[in-house]
Protein chains: 2
Amino acid sequence: MEVTIKDVARRCNVAVSTVSRAINNHPDINPQTKAEIMQAIEELNYVPNNSARNLKRSDNKTIAVLVKGISNQFFNKLVTEIEKEIRTKKYTFFLQHVDEHANEVDIAVALTKEKRLRGIVFLGGYEYHTKESLSQLTVPFVTCTTSDFGNNEECVCSSYAVDDYKESYKMTEYLIRQGHKRIVLLGPMEHDESIGRRRLEGYQAALKDNHIDLDEKLIRYMAKNVVTYSMRNGYVVMQEALKEKLDFTAVFAISDLLAIGACKAIFEAGKKIPEDYAVAGFDGIDETFYYEPSITTIRQPIKELATSSMQALFRMIKSKESVPGIIFAGELIERASTNPNL
Amino acid sequence: MEVTIKDVARRCNVAVSTVSRAINNHPDINPQTKAEIMQAIEELNYVPNNSARNLKRSDNKTIAVLVKGISNQFFNKLVTEIEKEIRTKKYTFFLQHVDEHANEVDIAVALTKEKRLRGIVFLGGYEYHTKESLSQLTVPFVTCTTSDFGNNEECVCSSYAVDDYKESYKMTEYLIRQGHKRIVLLGPMEHDESIGRRRLEGYQAALKDNHIDLDEKLIRYMAKNVVTYSMRNGYVVMQEALKEKLDFTAVFAISDLLAIGACKAIFEAGKKIPEDYAVAGFDGIDETFYYEPSITTIRQPIKELATSSMQALFRMIKSKESVPGIIFAGELIERASTNPNL
DNA sequence: TTGTAAGCGTTATCAA
DNA sequence: TTGATAACGCTTACAA
C-alpha cells in the first residue's frame with residue numbers, strides 16, 4: 001500500500017493535522033516540528049494523494065485545455081507554451097483533444113464537474129454557442145485563437161486572438177499590390193462558421209475594395225475526408241485546381257500547412273514558385289521559413305497569445321470577473337514564395 | 001454547489017448506493033429503478049466527482065504519458081494516437097512534458113502516488129536508469145521509441161521501438177551504395193546515451209563494414225543552446241559545416257527536422273539537392289514528402305508503435321506481468337533528395 | 001433488489 | 001502550537 005499522511009504522522013508521533021499543516025505551509029506550526037515532518041516525508045517518499053486533496057479542498061488546482069479539431073504544429077506550440085504557464089503557477093495541466101464535430105462546451109461542462117476544474121482554455125473551435133450551454137460553464141475560461149463564443153455576458157471569460165478578417169485582408173491586399181489579380185484562395189470547409197470563414201471574408205473584402213471581381217471558381221474549399229488545415233488537404237485541393245487548368249497567378253492559403261501542400265502540388269506540376277505562381281500562407285509556423293522557397297505568411301504571436309490568455313485566466317480565477325480580451329496584430333512576413341527578389 | 005450523488009438519490013427516493021449501482025452498471029438493480037435514476041441524472045446534469053471516485057476505488061483509471069525533451073511533430077503524432085487509445089479504453093489521459101535534463105522516472109514515481117496512476121507511457125528519454133529508481137515504479141509502464149530502460153527485471157514493463165542502430169546502418173549503407181563516401185552525420189548531442197547514440201553507432205558501423213575510413217570531422221554533434229532535433233538545429237549545424245568548406249557529398253541527419261534545416265542551409269549556400277549534396281533524414285514525418293525536393297527517410301511505424309504500446313500496457317495492467325516488447329522494422333523511403341531520378 | 005454505514009486520504013474546525 | 005474529529009463524494013460490504 002502507498003504511504004499516507006497517517007504513516008508520516010505515526011513516524012513523527014504527531015497528529016495527521018500537524019502533518020497537513022506542515023505540507024501546506026500553515027503559519028501556526030513549530031518550525032522544529034515542521035522540519036522533522038519534512039524530513040520524515042522525504043525518507044518515506046510520501047506524496048499527498050491528489051484525489052483526497054481535491055475532494056476536500058475547494059481549490060482543486062487544475063486547468064483544462066481543450067483543443068478542437070486535429071492538432072497541428074501551430075496548436076502544439078501554443079499548447080506547449082500554455083502548459084508551461086500552468087505549471088509555473090503550480091496548477092495541474094489537463095489536455096484533451098475534442099473531435100471536430102463535438103461540442104466543446106458540453107465537454108467542458110462535464111469535465112468541470114468531473115475534475116473540479118478551476119479554469120478552461122479553449123483552442124480553436126466554433127465561435128457561436130447558445131446562451132444556455134454557455135451559462136452552464138461555471139468556471140472562468142478563455143478562448144485562444146478564436147475571438148469569442150458569442151453570447152457570454154453571464155460567463156467569466158475573455159478571448160485572445162488575431163483579427164482573422166483583417167489579417168486575411170492584409171495578405172490579400174499585399175498580393176494584389178504585387179500585381180496579382182487572380183488569386184486562388186485555399187479556404188475553409190464549406191459552411192465553416194469559424195476563423196476559416198473570417199479569413200475567407202477578409203479575402204473577399206480586399207478584392208472588392210480593390211475593384212477586382214470575385215471569381216467563385218478561385219475559392220477552393222477544403223477537401224472533405226482529409227484532415228482539415230493539413231498539408232495533405234492543401235496538396236489535394238491544389239492538384240485539383242491545377243488539373244482543371246484554373247487560371248491564376250497566386251495562391252493564398254488560410255493556413256501555412258495548406259500552403260506547403262499547395263507548393264508541393266505546384267512543383268509536381270512542373271511549375272515554379274514564385275515565377276509561375278506566388279504562394280502565401282497564414283499562421284507563421286517555423287516550417288514556412290525552412291521550406292524552399294521560404295513562404296510568405298502572417299505570423300500569429302504565439303507566445304503572447306499563450307501568456308496573455310493565461311494571465312487573464314489566472315486573474316479571472318482570482319477575481320471571478322471577466323477581463324477585457326485582446327486582439328493581437330499579426331505580422332506579414334514577406335518571403336521568396338511571393339517575391340523573387342528575396 | 002455542484003449536484004452530488006445525494007441529490008440524485010433524494011430526487012429518486014432511493015439510497016445513494018442504489019444510484020452508485022446504477023451509474024456503475026451493477027447487475028443487481030431493478031431496470032426500472034435504474035431507468036428512473038438515469039433519467040434524474042440527465043435532468044440534474046449530474047457528473048460523478050472524479051476525485052471522490054478515485055479516492056475510494058482501487059482502480060483510478062488514469063494513464064500518464066511522459067514526453068521527454070521538447071515535443072515535435074513526430075512525438076505529437078505518437079501522442080495523439082496514444083491519447084485515442086487511452087480514451088477508447090475509458091481511461092483518463094494525462095500528458096506531461098518533462099524537461100530534457102530532468103529524471104523522468106522520478107517524476108513518474110511522484111506522479112503515480114499523487115494521481116494514483118494505473119500505468120505510464122515513456123516517450124523518448126534516456127535508456128539507462130538505476131535499479132533503485134526503477135524499482136520504485138510500482139505500476140506497469142511501456143517505453144515507446146526507446147528500446148528500454150536497462151535494469152528492469154523487477155518492473156512490469158515492455159518496450160516498443162525500431163532498432164535505431166540497424167535503421168541508421170541501413171540508411172548509411174544506402175547512401176554508400178549511391179556512391180557516397182564522404183557522408184556528414186547530423187548527429188546527437190555530444191555525450192548522448194540514448195537513441196541518438198544508437199543512430200551514430202549505426203552510421204559508424206556501416207562505414208566500417210564498407211571499408212570507408214571514419215572522418216571525425218564529418219560527425220557534427222547537435223548545437224547546444226538550440227532545441228534538440230529541431231529544424232533550427234540542423235540549419236545552424238549545417239551552416240557551420242558549409243562555412244568550414246567541409247568536403248562531403250551527402251548528409252544523413254538523425255531526424256527529419258534536422259534534415260529539413262540542413263536543406264535550407266544548403267539552399268542558402270546556393271547549392272542543389274541532390275546534385276551537389278544528397279540529404280537523408282530519419283523518422284518519416286509527413287513534411288519529408290512535402291518538402292521540395294522530397295526527402296529520403298526512414299519511416300517509423302507510428303501507428304503500430306502507439307497501438308502495440310498501449311495494448312501491452314493494458315494487458316500488463318490486467319495481468320501484472322511483463323509482456324515481451326517488439327522491435328519494429330523501419331522502412332527506408334527513397335526520394336528525390338538522394339536520387340535525382342525520382 | 002435495496003438500504004445502512006464504513007472508509008478512502010485529505011483538510012479544516014474546534015477544543016485543548 | 002497541537003490533537004481529535006467531522007466532512008468532502010463516492011464505492012462497497014453487509015444487512016435487510
Side-chain angles (χ1 to χ4, degrees), chain A residues 1-38 40-41 44-62 92 110-118, chain B residues 1-38 40-41 44-62 90 92 110-118 138:
Chain A
M1 207 44 220
E2 289 293 348
V3 13
T4 75
I5 198 172
K6 281 184 194 165
D7 301 313
V8 179
R10 210 168 310 141
R11 164 81 155 249
C12 298
N13 289 314
V14 296
V16 290
S17 46
T18 308
V19 178
S20 176
R21 278 189 272 265
I23 51 187
N24 292 297
N25 289 315
H26 276 252
D28 47 355
I29 183 169
N30 188 322
Q32 166 88 44
T33 331
K34 180 166 177 177
E36 280 169 25
I37 292 173
M38 294 321 256
I41 285 176
L44 293 174
N45 246 309
Y46 165 70
V47 179
N49 178 322
N50 229 308
S51 296
R53 270 192 153 163
N54 294 165
L55 182 55
K56 187 61 196 175
R57 271 198 196 156
S58 45
D59 67 326
N60 177 356
K61 300 179 66 164
T62 115
T92 293
L111 216 52
T112 304
K113 297 180 185 177
E114 193 183 314
K115 305 234 184 271
R116 292 276 169 121
L117 303 178
R118 294 297 300 286
Chain B
M1 208 46 221
E2 290 292 349
V3 11
T4 74
I5 198 171
K6 281 184 194 165
D7 301 312
V8 180
R10 209 169 311 141
R11 165 79 155 251
C12 299
N13 290 314
V14 297
V16 292
S17 49
T18 309
V19 178
S20 175
R21 278 188 272 264
I23 51 188
N24 292 298
N25 290 316
H26 275 251
D28 46 358
I29 184 170
N30 188 323
Q32 165 89 44
T33 332
K34 179 165 178 177
E36 280 169 27
I37 292 174
M38 293 321 254
I41 286 176
L44 293 174
N45 245 309
Y46 166 70
V47 179
N49 179 322
N50 229 308
S51 297
R53 269 193 155 162
N54 293 165
L55 183 55
K56 186 62 194 175
R57 271 197 194 156
S58 46
D59 65 328
N60 178 354
K61 299 179 66 164
T62 115
K90 304 284 182 207
T92 293
L111 217 51
T112 304
K113 297 179 184 175
E114 195 182 314
K115 304 237 184 270
R116 291 279 169 119
L117 303 178
R118 295 297 301 283
T138 52

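Lettering of chains follows the sequences in order, A, B, ..., and the numbering in each one begins at 1.
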So what does [X] hit on the nucleic acid, given a heavy-atom distance under 4.0 Å: a base, only sugar-phosphate, or nothing?
X       : value
A:Asn50 : nothing
A:Asp28 : base
A:Asn13 : sugar-phosphate

Please state how far atom [atom1] in [X] lies from atom [atom2] in [N], giving the value in whole angstrom units.
X        : N      : atom1 : atom2 : answer
B:Asn25  : D:dT12 : CG    : P     : 13 Å
A:Ile5   : D:dG3  : CD1   : P     : 12 Å
B:Lys34  : C:dT1  : NZ    : P     : 12 Å
A:Asn24  : C:dG9  : CG    : C1'   : 13 Å
A:Lys113 : D:dC8  : NZ    : C1'   : 18 Å
A:Ile37  : D:dT1  : CD1   : P     : 13 Å
B:Arg21  : D:dC10 : CZ    : P     : 15 Å
A:Ile23  : C:dT10 : CD1   : C1'   : 8 Å

ask   = If you round to the nearest 0.5 Å, how far is CG of B:Asn30 from CD1 of B:Ile37?
value = 9.5 Å
Under 3.5 Å, is there any donor-acceptor pair linking the side chain of [X] to the base of [N]?
X        : N     : answer
A:Arg116 : D:dG9 : no
B:Lys56  : D:dG9 : no
B:Thr18  : C:dG3 : no

request  = Would you name the heavy atoms of B:Lys61 and B:Lys90 that are closest together and state the gap between them?
outcome  = CE-O, 3.8 Å
key: Nearest heavy-atom neighbours spanning A:Pro48 and A:Ile23   = CG-CD1, 4.3 Å
Just N and O in the side chain of [X]: are any of them under 4.0 Å from OP1 or OP2 of [N]?
X       : N      : value
B:His26 : C:dT1  : no
A:Ser17 : C:dT11 : no
B:Arg53 : D:dT11 : yes

Between [options], which nucleotide has the shortest distance from any of its atoms to the side chain of [X]?
X       : options               : answer
A:Asn49 : D:dT1, C:dG9, D:dT11  : C:dG9
A:Lys6  : D:dC14, C:dT11, C:dC8 : C:dC8
B:Thr4  : D:dC10, D:dG3, D:dT12 : D:dC10
A:Thr33 : D:dT2, C:dT1, C:dG3   : D:dT2
A:Pro48 : C:dT4, C:dT10, C:dT1  : C:dT10
B:Val16 : C:dC14, C:dA5, D:dA13 : C:dA5
B:Ala15 : C:dG9, D:dC10, C:dT4  : C:dT4
A:Ile29 : D:dC14, D:dT2, D:dT11 : D:dT2

ask   = With a 4.5 Å limit on heavy-atom distance, are the side chains of A:Asn49 and B:Arg116 in contact?
value = yes
query = Hey, is the main chain of B:Ser51 close enough, under 3.5 Å, to the side chain of B:Asn54 for a donor-acceptor pair?
reply =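 It does not hold such a pair.
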key: Which residue lies more 5' along DNA chain D, comparing A:Pro31 with A:Ala52 via nearest heavy atoms   =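 That would be A:Pro31.
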query = Any side-chain donor paired with an acceptor under 3.5 Å for B:Lys34 and B:Asn25?
reply =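 Yes, B:Asn25 and B:Lys34 have a side-chain donor paired with an acceptor closer than 3.5 Å.
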